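These notes are about the structure you will find just below.
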Number of protein chains: 2
Amino acid sequence: MAENDKQTEERIFEAATDVFIEKGMDGARMQDIASHAGINKALLHYYFRTKEQLFNAVFEMVARKIIKKFAPVFDENLSLEAKIRFFFKEHLTFLQENPRLPAFFLNEMNRNPSRIKKILSGVDIDKLWLKLYSQHKEELKNYNLTEETMPQLLTSIVALSVFPFAARGIIEGVLEKMGIDFDKYIETRKTFAAEFVIKAISRP
Amino acid sequence: MAENDKQTEERIFEAATDVFIEKGMDGARMQDIASHAGINKALLHYYFRTKEQLFNAVFEMVARKIIKKFAPVFDENLSLEAKIRFFFKEHLTFLQENPRLPAFFLNEMNRNPSRIKKILSGVDIDKLWLKLYSQHKEELKNYNLTEETMPQLLTSIVALSVFPFAARGIIEGVLEKMGIDFDKYIETRKTFAAEFVIKAISRP
DNA sequence: TTTACTTTTGACCCGTTGGTTAAACTTTAT
DNA sequence: ATAAAGTTTAACCAACGGGTCAAAAGTAAA
C-alpha cells in the first residue's frame with residue numbers, strides 16, 4: 001500500500017507538474033490533471049486538498065530544481081574563466097532537457113511576487129555572493145572588475161543562458177525564418193556565450 | 001456621441017490593457033475590466049463582443065509597441081558601436097516606463113505560439129537582418145564577426161536588455177538583499193551592457 | 001414633440017470548475 | 001473471519017465567469 005500510495009501520489013505529482021508547466025496555475029484544470037494521472041478528480045483532492053496546495057508542491061519542487069543548478073558554480077574549484085565555460089555548458093544542457101522551466105518559473109514568480117522572499121530566504125545569497133567574489137578577488141582585479149559590477153556581470157551571465165528559453169517562441173520563429181535550427185543555435189550558444197563573456201571582462 | 005464613443009471605448013481599452021498585463025489572459029476577469037473602466041459588464045461586451053476579441057486588440061497593440069522600439073536601430077545612421085550604445089539607452093528607458101511589458105508579452109507568446117507567425121509575418125526579419133549586416137559589413141569584419149554569429153550576437157543584446165525586466169521579481173529580490181536599488185541597477189545597466197557587448201566583440 | 005437610433009443598465013442564463021460526500025472497494029491487523 | 005483503516009469512485013453542489021436580453025436612458029433629426 002505504501003507502495004501503491006507512492007505510486008498514485010507520484011503519478012499525480014508528475015501529471016500536475018506537466019499540466020502546470022504547460023498551462024500555468026490559472027490555465028490548469030484539476031480535471032485535466034486527474035485525467036493525465038489516470039484517476040478520479042476526487043482522488044486528486046484526497047491526496048492534495050486544494051489546487052493551491054498541489055500547485056505549491058509543484059512550484060517548490062521546480063524552484064529547488066532550478067536553484068540547485070546554480071549551486072555547483074560556487075563549489076567547483078576552477079578559475080573564473082573555466083567556471084564561466086562550465087556554467088554555460090552545464091546550464092544550457094539543463095535547459096535543453098527542461099525547456100519550459102524558465103517561462104513557467106518566471107511567469108509564476110511575477111504572478112505572485114510573495115514567493116520570491118520565501119524562496120530567497122532559503123539561500124544565503126549574500127554569503128554565496130561574497131564567497132564567489134573572494135574566491136576570484138585576484139582574477140577580478142586582473143579583469144578590471146570591482147565588487148560593484150558583480151550584480152551586472154552575474155545577471156548578464158544568467159540572462160545570456162536563460163533568455164533564449166524564456167523567449168523561445170519568438171527566437172525560434174525568427175531563426176526559422178532564416179533557416180536556423182533552435183537546437184543547433186543552443187548548441188552553438190554553449191561556447192559562444194562563454195567566450196562572449198570572457199572577452200567582455202578581459203583587459204584589452 | 002462619436003466623442004463619447006471614443007471616450008468609453010478608449011476607457012475600456014485602457015482598463016483592459018492594465019488588467020491583462022497584470023493578470024494575463026487566463027487570470028483576467030471581464031468583471032474586473034468593467035469595474036476598472038467604471039462601466040457595466042454588458043457594455044464591455046457591447047464594444048468588444050468577446051474576451052478573446054478584447055484580448056487580441058490589446059495584445060496586438062502591445063506587440064506593435066514593442067516591435068516599434070526595435071525599428072530605429074535599423075534606420076539610424078550610426079556606427080555599430082554607437083548603435084549598440086543607442087539601443088541600450090533607448091530600450092532600457094522604454095522598459096523603465098513599461099516594466100511589465102516583457103513578462104506579459106513573453107508569457108502570452110508562450111501560451112499561444114501561433115501568434116508568433118502572425119506577428120513575424122508583419123515584419124521582414126530576414127530583410128532587416130541583411131540590411132543591418134550589410135550596413136556594418138566592414139566593421140563586423142574588423143570585429144571578427146561572421147554572418148553566422150549574428151543571431152547569437154543579436155539575441156545576446158536583446159537578452160541583456162529584456163531579461164532584467166522579464167525576471168524582475170527575482171532580480172529585485174536578490175538586489176534588495178544586498179542593498180541595491182533596482183532602478184539604480186537599470187540606470188547603471190544602460191552603459192554597462194553597451195560597453196560589455198562592445199568589448200565582447202572587439203578584437204583583442 | 002415625436003420618431004428613430006445609439007448607448008447603458010440590471011437581471012438573468014448556463015456551462016465550467018474547484019471542491020464535497022457517502023458509499024464501495026482494498027488492504028492490514030487481530 | 002472480521003473489524004478497522006486506508007483508498008477509490010460516482011454523483012453531487014455552490015459559485016464563478018463569460019455571455020445574453022429586454023428594457024431604460026440618452027441623443028439627434030424632422
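A note on names: the letters A, B, ... follow the listed sequences, proteins ahead of strands, and every chain is numbered from 1. Predicted model, so just to flag it, every value in this text is computed and none were measured.
Between Phe48(B) atom CZ and dT8(C) atom P the separation is 13 Å, expressed in whole Å. Distance NZ (Lys41(A)) to P (dC13(D)): 14 Å, rounded to an integer number of Å. A straight line from OH of Tyr47(B) to C1' of dG19(D) spans 18 Å, rounded to a whole angstrom. Across the protein-nucleic acid pair, Gln7(B) atom CD and dT6(C) atom C1' stand 16 Å apart, rounded to whole Å. Taking atom CZ of Arg49(A) as the reference point, atom P of dT20(C) lies 9 Å away to the nearest angstrom. Spacing between atom CG of Asn40(B) and atom P of dG10(C) amounts to 6 Å, rounded to whole angstrom units. Following rounding to the nearest Å, Met30(A) (CE) and dT20(C) (P) show an atom-to-atom distance of 10 Å. Atom CG of Leu43(A) is separated from atom P of dG19(C) by 15 Å (rounded to the nearest Å).
For DNA chain D, none of the residues of residues 52-62 of chain B falls under the heavy-atom distance limit of 4.0 Å. Remark: nothing in residues 18-29 of chain A comes within less than 4.0 Å of DNA chain D through any heavy atom.
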Test side chain to side chain donor-acceptor pair (under 3.5 Å) on Ser156(B) and Arg189(A); report intermediate values, then the result. CA-CA 10 Å; Ser156(B) 298; Arg189(A) 196 153 187 82; 2.9 Å; yes

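Outside the 6.0 Å centre-distance limit, the rings of Phe59(A) and Phe20(A) are not counted as a close aromatic pair. Checked against a 6.0 Å centroid threshold, the rings of Tyr143(A) and His136(A) do not count as neighbours. Less than 6.0 angstrom separates the ring centroid of Phe182(A) from the ring centroid of Phe165(A).
Comparing dG19(D), dT9(D), dT9(C) by their closest approach to the side chain of His45(B) singles out dG19(D). Of the candidate nucleotides dT9(D), dT8(C), dT20(D), dT20(D) has the atom lying nearest to any side-chain atom of Ala42(B). Closest to the Lys51(A) side chain, of the nucleotides dG10(C), dT9(D), dG18(C), is dG18(C).
In this structure the side chain of Lys141(A) reaches within 4.5 angstrom of the side chain of Glu138(A), judged on heavy atoms. Residues Phe192(B) and Phe88(B) fail the side-chain proximity criterion, which asks for heavy atoms closer than 4.5 Å.
Close to dT20(C), at under 4.0 Å from its OP1 or OP2, lies no side-chain N or O of Tyr46(A). Not one side-chain nitrogen or oxygen of Thr8(B) sits closer than 4.0 Å to the OP1 or OP2 atom of dT7(C).
Within 6.0 Å of the NZ atom in Lys131(A), the count of heavy atoms belonging to other residues, nucleotides or ligands exceeds 12.
Side-chain contact check for Gln31(A) and Ser35(A): at least one donor-acceptor pair (N or O, by modelled atom type) lies under 3.5 Å.
Every residue was checked against the side chain to side chain donor-acceptor pair (under 3.5 Å) condition with Asp183(A), not counting sequence neighbours, and none meets it.
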